[in-house]
Amino acid sequence: MNKTHPLKGPNRLKLGVFSANADGGLAITDVPERWAAGWQDNLTAAQIADRAGLEFFLPIARWRGFGGKNRVREWSFETFTWAAALAAATEKIGLFMTVHVPLVHPLYGAKSLATVDHISQGRAGLNIVCGWNPKEFGMFGVPLVEKGYDQAAEWLEIVEKVYASDEPVDYAGTYYTLKEAVSRPASLQTPRPVTMNAAFGGPGRDFAAANCDYLFTTFTEIADAGKHVIDIAERAEKQGRDVGVYTVCHVVCRETQQEAEDYYTRYAVIMADHAAVDQHMAGKKEFSQSHDRDAYDRYRQRFAGGAGSYPLIGTPEKIVEDMIAISAQGYAGIALSFVNYTQELPYFCDRVIPLLKKAGLRVE
């Protein structure tokens with residue numbers, strides 16, 4: 001067993017790959033090289049990231065897409081089985097599963113999570129989300145839960161209880177009632193694998209402050225990104241806890257700045273799947289609290305380019321400059337997306353990571 005999960009390793013700025021399990025990744029585009037998210041694609045991308053020393057591979061959980069010409073993100077691999085397969089084919093990288101709490105029973109989640117933790121020898125992680133898309137929940141005949149994070153707290157409490165107890169567990173909560181529940185094996189990590197939550201709104205941040213090891217949040221400009229870190233730190237301090245703060249960025253890394261900017265315009269403006277962008281933005285704006293409200297009006301290209309995340313566009317040197325600034329705002333790591341992971345990750349890893357080491361943000 002690995003004694004230290006990759007997210008607890010020595011690098012000041014942790015790096016990971018985000019959304020490779022889903023068609024298009026985070027990009028909503030019609031360029032011919034758009035990410036197909038086939039299994040071999042995912043396996044290759046994970047092994048590239050693993051060899052390069054990136055800390056984590058993080059999937060999204062999607063059950064239906066956002067329409068448009070390409071039915072964006074309708075194709076996506078289920079994350080527990082996806083992570084289990086990748087765990088057997090990698091050596092060092094942390095492998096996350098993303099769970100919609102209202103759609104997965106905590107006992108099923110506990111056993112699946114422990115299975116991946118054993119296969120990976122302690123590299124499993126859990127991204128806990130409550131969901132925001134009523135059409136997805138309608139597929140299951142399940143309504144959106146009004147206080148989803150209260151349910152998530154019960155869900156995670158049950159996982160920890162069944163891992164910790166040598167005897168069957170009874171549980172009577174608002175959302176779950178269990179009689180003589182057991183789940184063996186427990187995870188190798190204790191009291192459970194590392195957890196994260198992606199939240200922008202207050203309830204999600206309070207849940208992460210009380211329950212999770214890491215929280216992912218977005219920002220619109222690097223200069224004011226630190227206010228989110230301060231907010232989360234204050235919430236965590238009230239709980240007597242320390243929660244690492246991460247963000248998400250979409251990347252175009254090229255030899256020249258002009259080449260990178262031209263490609264960003266090509267895939268995220270000229271050849272954006274505009275019908276899917278409209279549907280995605282409308283749904284997120286109405287039902288999700290994942291971005292500043294003005295981001296929907298000001299940054300349409302960012303939603304086409306990477307689901308509204310911050311863009312890292314330019315030469316390796318420019319991208320490292322931006323990453324240094326993000327780290328200086330208090331962020332412990334970044335989840336990265338690309339138009340095509342297998343085509344773009346090797347160049348990114350070869351050119352950017354050595355510069356991050358030179359800057360003192362990474363030692364491995």
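Position 1 is the first residue of the sequence, and the numbers go up from there.
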### Task
Decide if the gap between the ring center of Tyr149 and the ring center of Trp155 is smaller than 6.0 angstrom.
no
### Query
Would you say Leu7 and Leu188 are hydrophobically clustered, going by side-chain heavy atoms of ILVMFWY under 4.5 Å?
no
### Task
List the steps and the verdict of side-chain hydrogen bond (donor to acceptor under 3.5 Å, both in side chains) for Thr342 and Asn340.
CA-CA 6 Å; Thr342 56; Asn340 188 297; 3.0 Å; yes
### Message
Same cluster or not: Val320 versus Val17, using hydrophobic residues (I, L, V, M, F, W, Y) connected whenever any side-chain heavy atoms lie under 4.5 Å apart?
### Response
yes
### Message
Using the rule given for salt bridge (charged side-chain N to carboxylate O under 4.0 Å, His left out), can you reason through Arg64 versus Glu136, listing the C-alpha separation, both sets of side-chain angles and the distance that settles it, and then say yes or no?
### Response
CA-CA 6 Å; Arg64 66 181 298 144; Glu136 286 190 319; over 6 Å; no
### Query
Any idea which heavy atoms bring Val277 and Ile28 closest together, and the distance?
CG2-CG2, 3.6 Å
### Task
Answer yes when Asp170 and Lys161 have at least one side-chain N-carboxylate O distance shorter than 4.0 Å, and no when they do not.
no
### Message
Arg62 vs Glu78, test: salt bridge (charged side-chain N to carboxylate O under 4.0 Å, His left out). Steps then yes/no.
### Response
CA-CA 8 Å; Arg62 277 276 75 83; Glu78 187 281 320; over 6 Å; no
### Donor + acceptor pair across side chains of Thr98, Asn127 (<3.5 Å)
yes
### Message
What I want to check is whether the side chains of His250 and Ser309 have a donor and an acceptor closer together than 3.5 Å.
### Response
yes
### Summary
Here the gap from Lys92 atom NZ to Glu364 atom CD, rounded to the nearest 0.5 Å, amounts to 7.5 Å
### Task
Could you tell me the separation between the CD atom of Glu146 and the SG atom of Cys130, rounded to the nearest 0.5 Å?
13.0 Å
### Task
Quick one: do Tyr267 and Glu33 satisfy side-chain hydrogen bond (donor to acceptor under 3.5 Å, both in side chains)? Show the steps, please.
CA-CA 10 Å; Tyr267 94 81; Glu33 66 274 17; over 6 Å; no
### Query
For Ala89 and Leu43, which heavy atoms make the closest approach, and how far apart are they?
CB-CD1, 3.4 Å
### Message
For Glu317, is there an ion pair with Arg254 - N to carboxylate O distance below 4.0 angstrom?
### Response
no
### Query
With a 4.0 Å cut-off, would you call Arg205 and Asp231 a salt bridge?
yes
### Task
Please list all pairs passing the ring-ring contact (aromatic ring centres under 6.0 Å, His included) test where one or both residues lie in residues 308-337, with sequence neighbours left out.
Phe219-Tyr310, Phe219-Tyr331
### Task
Test side chain to side chain contact (heavy atoms under 4.5 Å, CB included) on Ile270 and Thr265 and set out the steps.
CA-CA 6 Å; Ile270 298 170; Thr265 300; 4.1 Å; yes
### Test item: Val99 and Leu126 side chains (from C-beta on) under 4.5 Å apart, heavy atoms
yes
### Query
Testing Trp35, Phe57, Phe18 for ring pair (Phe, Tyr, Trp, His ring centres under 6.0 Å) with Tyr341, which one passes?
Trp35
### Query
Should the heavy atoms of other residues, nucleotides or ligands under 6.0 Å from OH of Tyr347 be counted, would the total exceed 12?
yes
### Query
How many angstroms lie between atom CE of Met323 and atom CG of Leu356, to the nearest 0.5 angstrom?
6.0 Å
### Message
With clusters defined by side-chain heavy atoms of hydrophobic residues (ILVMFWY) lying less than 4.5 Å apart, directly or transitively, does Val251 cluster with Leu58?
### Response
no
#### Entry: Student check: side-chain heavy atoms of Leu156 and Ile128 closer than 4.5 Å
yes
### Task
Treat each ILVMFWY residue as a node, draw an edge where side-chain heavy atoms are under 4.5 Å apart, and state whether Val194 and Val116 are in one component.
no
### Task
Taking only Lys NZ, Arg NE, NH1 and NH2, and the carboxylate oxygens of Asp or Glu, determine whether Arg266 and Asp262 approach each other closer than 4.0 Å.
no
### Spacing of CG belonging to Asp30 relative to CE belonging to Met271, to within rounding of 0.5 Å
5.0 Å
### Residue list, salt bridge (Lys or Arg N to Asp or Glu O under 4.0 Å) with Glu154, at least two apart or on another chain
none
### Task
Determine whether the aromatic ring centres of Trp63 and Phe140 lie less than 6.0 Å apart.
yes
### Task
Only counting residues at least two apart or in another chain, list the ones meeting salt bridge (Lys or Arg N to Asp or Glu O under 4.0 Å) with Asp242.
none
